[in-house]
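The next block holds one structure in the form of structure tokens; read it before the comments.
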Amino acid sequence: MADIKAEFRKTVCEALNSFIKEKAQESQQIDAETLAVQTPPDSNMGDLGIPMFVFAKSLRMAPPQIAEAVALKAAKTDIGEILAVGPYVNIKLDKANETYSILSKIDSQKENYGSMNADGKKPLEGRRVMVEFSSPNTNKPLHLGHLRNDALGESVSRILKAAGAEVYKVDLINNRGVHICKSMLAYKLFHEKNGDTPESLGMKGDHFVGQCYVEFDKYSKEHPEAAQEAEEMLVKWEAGDKEVRALWEKMNDWTLNGVKATYERTGVSFDKFYLESDTYLKGKDEILKGLEKGVFFKADDGSVRIDVTDVVGKGKDEDNHEKVLLRKDGTSVYITQDIGTAISRHDDWAFNQLVYVVASEQNYHFKILFHILKKLGFEWADKLYHLSYGLVNLPSGRMKSREGTIVDADDLIDSLHADALEAIKERGRDEEVGDADDVAEKVALAALHYYLLQATPIKDMLFNPAESLSFNGNTGPYLQYMGARITSILRKAEEAGVKLNNSKEAVSLLKEPEEWELIRALGSFPEMVAKAAENLDPSVITAYLYDVSRLFSKFYQQCSIMNCEDEKTKGARLFLAECTLTVLKKAMELVLVPFLEKM
């Protein structure tokens, strides 16, 4: 539909400019791109419309009068009939031509459909985008919050790539710091003597290290000196103490192996892993260089700081105007390694844009980070973007890893998997679907990812496992069911010897309202991909998927395929079903919903 909208804008713009010149004798011309194209509430009014309200003041005319004059001038066009409907200039498209244009594009482009805009180019072609997401700590396993982060990061990356961008996915592993030392200290206190390992305890490595972190929290409540011991261990780590480093490497490996197994399970992948242990010194060096240049200053307590009044504004809280970059003992803080990491990344892969997928809790942090990098003189700091997303919790409340109330990602997926498998068996579909366990896993991932992505990123949300697994309504399993249903229709048609018909003559027979609604939605897929890529918002695609699925269901109920008496219409409807399946499969891939041929 994008090319039709562009042609419609151009036609109306030419007529409008001609009318303005006659009426107002103005030399200033309207740009076609400024005209807002809308969809009329009733298809009887037309398929597309452009409002004339904005021109009423300058022309000193009522919008309906302007619409009538413009429609009269633009009446002749190859794409359809232009008419005035109240204050709008609308168009009733030549549906036969448009239908054939849309479906033939889907048929020829296959899985690449959705990537091209009206002029035949990919909207983000030539853009290099680095996307950082996940960023786990090596003192605990991935949890529900990471699952939303991972889904957003992976989905945004796929959408950007579909829109033509060159995408480089990176993961910053937070593998150093006081929090890591807390797990290490707990291991030494409670497990080292017994020689405990994840294997000996029958646990995933990341789960075992996470258990140590919880044990430290409980221990420190009775032993306040434990916090100081963890700080001292960090100082030893930065000094290169062999014993501390050996334990650190062992426990890091346990966690990372476990985390990477979860990535593989959820379909998340990265082009490069960055370790804070490798980049924090670079950040430290940059801070010291900035100190010499006067960008930063040394406070009375010996810490290195920066004045951030330009970022936070003037206020009563004086402490909020300064940000510590190096502690008084010379050790790094969180933002120190972020500075080093950002510089390393641009050195490794010169990007047009770097997108940080991080929760809204860190909004302040990224404002300061970007501010510091600009102060240090890095021009590419203007190309940094924080994709801020809201918190995700369960109906039971907020999670706290240090108290052991965290919802582990693996445990949540296991639970969804078990419930999906039970539902498959209750429906008596376990033999029909083939490998019921594999299908249950894919249903669980569809339920999880679709639910997490259907809300706009910035919104806080509650993840409701029961709702996410529903096979009816706006859910991932419903989309999978619709895909499996269309696959079944095409398979049965092939078994019956019925062939689809993609000829222009046959396709021109698709004139029913339900057919046109579905076709028009399929035609808008490239616009949806471009919009989702520009806004970095996968919810654009999830909403589109549900809309297409709903429209196909409506079409299938009202327009019989296999019982249609006219063979050409039957073949054309099968062709429409195949094109719908092509678009559904592509859109599902963009939002991490596994496709299933049978359910």
Side-chain angles (χ1 to χ4, degrees), residues 1-2 5 36-41 43 47-48 102 106 113-115 117 123-124 147-148 150-163 357 387-390 392 445-464 467-483 485-486 514 516-556 579-595:
M1 292 292 283
K5 286 184 178 180
V37 179
Q38 302 175 1
T39 301
S43 60
D47 298 297
L48 300 170
I102 291 171
I106 297 171
Y113 179 69
S115 295
N117 54 24
L124 298 185
L147 288 176
R148 187 179 192 190
D150 291 353
L152 277 170
E154 182 68 32
S155 180
V156 163
S157 297
R158 293 184 187 187
I159 291 167
L160 287 169
K161 189 174 181 180
V357 183
L387 177 53
S388 176
Y389 66 89
V392 55
L445 292 174
L448 174 71
H449 289 147
Y450 188 82
Y451 203 97
L452 292 174
L453 293 173
Q454 66 180 331
T456 54
I458 198 61
K459 290 184 178 178
D460 289 346
M461 65 177 297
L462 287 178
F463 178 76
N464 189 313
E467 285 184 7
S468 74
L469 274 172
S470 174
F471 288 84
N472 298 303
N474 192 8
T475 67
Y478 171 70
L479 299 179
Q480 290 178 310
Y481 164 73
M482 191 56 63
R485 187 179 188 183
I486 298 173
E514 294 81 10
W516 172 242
E517 279 189 279
L518 176 58
I519 292 164
R520 185 168 60 177
L522 297 179
S524 70
F525 184 48
E527 294 174 73
M528 296 300 105
V529 173
K531 181 180 178 182
E534 196 60 38
N535 297 331
L536 302 175
D537 185 0
S539 72
V540 172
I541 303 298
T542 58
Y544 173 78
L545 268 167
Y546 180 61
D547 189 43
V548 169
S549 298
R550 180 182 57 80
L551 290 174
F552 181 85
S553 181
K554 186 178 177 183
F555 151 72
Y556 188 63
C579 288
T580 303
L581 185 63
T582 297
V583 174
L584 279 179
K585 288 172 77 170
K586 179 62 178 181
M588 288 166 68
E589 179 190 355
L590 296 181
V591 290
L592 321 185
V593 174
F595 175 77

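None of these values were measured; they are calculated from a predicted model. In what follows, every heavy atom counts, from backbone to side chain, and hydrogens, waters and symmetry copies are set aside.
For the salt bridge (charged side-chain N to carboxylate O under 4.0 Å, His left out) test, residues two or more places apart in sequence or in another chain that qualify with K554 are E517. Residues satisfying the ring pair (Phe, Tyr, Trp, His ring centres under 6.0 Å) criterion with Y544, sequence neighbours excluded, are F525. Partners of D460 by salt bridge (charged side-chain N to carboxylate O under 4.0 Å, His left out), not counting sequence neighbours: none found. Applying the ring pair (Phe, Tyr, Trp, His ring centres under 6.0 Å) test to Y389 and every residue at least two apart in sequence or in another chain returns nothing. Among residues two or more places apart in sequence or in another chain, the side-chain contact (heavy atoms from CB on, under 4.5 Å) test is passed with S553 by Y478, M482, R485, Q557. F595 meets the ring pair (Phe, Tyr, Trp, His ring centres under 6.0 Å) test with no other residue; sequence neighbours excluded.
To the nearest 0.5 angstrom, L584 atom CG is 8.5 Å from F552 atom CZ. The CD1 atom of I486 sits 7.0 Å away from the OG atom of S549 when rounded to the nearest 0.5 Å. Of the inter-residue distances, the one linking E154 atom CD with I159 atom CD1 reads 10.5 Å to the nearest 0.5 angstrom. Rounded to the nearest 0.5 angstrom, L522 CG and I106 CD1 are separated by 4.5 Å. Between the CG atom of L160 and the OG atom of S155 there is a distance of 9.5 Å, given to the nearest 0.5 Å. Taken from CG in L518 to CZ in R550, the straight-line distance is 10.5 Å, to the nearest 0.5 Å.
Distance alone, capped at 3.5 Å, places no donor-acceptor pair between the T475 side chain and the L469 backbone. Judged purely by atom type and a 3.5 angstrom limit, Y450 has no side-chain atom pairing as donor or acceptor with the backbone of P477. S524 places a side-chain N or O within donor-acceptor distance of the main-chain N or O of A521, the cut-off being under 3.5 Å. Q480 places a side-chain N or O within donor-acceptor distance of the main-chain N or O of P594, the cut-off being under 3.5 Å. Formation of a donor-acceptor pair under 3.5 Å by the S539 side chain with backbone atoms of L453 is not found in this model.
Scanning both residues, I541 and A587, for their nearest heavy atoms gives CG2-O, 3.7 Å. Across all their heavy atoms, D537 and P457 have their closest contact at OD1-CD, 3.2 Å. The two atoms that bring F463 and A447 nearest to each other are CE1-O, 4.4 Å, heavy atoms only. Nearest heavy-atom pair across A446 and V593 is CB-CG1, 3.7 Å. Of all the heavy atoms in A162 and L590, the pair that sits closest is CB-CD2, 4.0 Å.
Taking a cutoff of 4.0 Å between a charged side-chain nitrogen and a carboxylate oxygen, E589 and K585 do not qualify as a salt bridge.
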Would L592 and R158 satisfy side-chain contact (heavy atoms from CB on, under 4.5 Å), going step by step from the backbone distance to the final call? CA-CA 9 Å; L592 321 185; R158 293 184 187 187; 3.3 Å; yes
Audit row: L536, L152, side-chain contact (heavy atoms from CB on, under 4.5 Å) steps and yes/no: CA-CA 9 Å; L536 302 175; L152 277 170; over 6 Å; no
Going through the distances and angles, do V156 and V357 end up as a side-chain contact (heavy atoms from CB on, under 4.5 Å)? CA-CA 9 Å; V156 163; V357 183; 5.7 Å; no
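Heavy-atom contacts from other residues, nucleotides or ligands closer than 6.0 Å to NZ of K586 number more than 12.
No hydrogens or angles considered: nothing links the side chains of Y451 and N464 as a donor-acceptor pair under 3.5 Å.
A 4.5 Å side-chain heavy-atom check between M461 and R148 finds at least one atom pair inside the cut-off.
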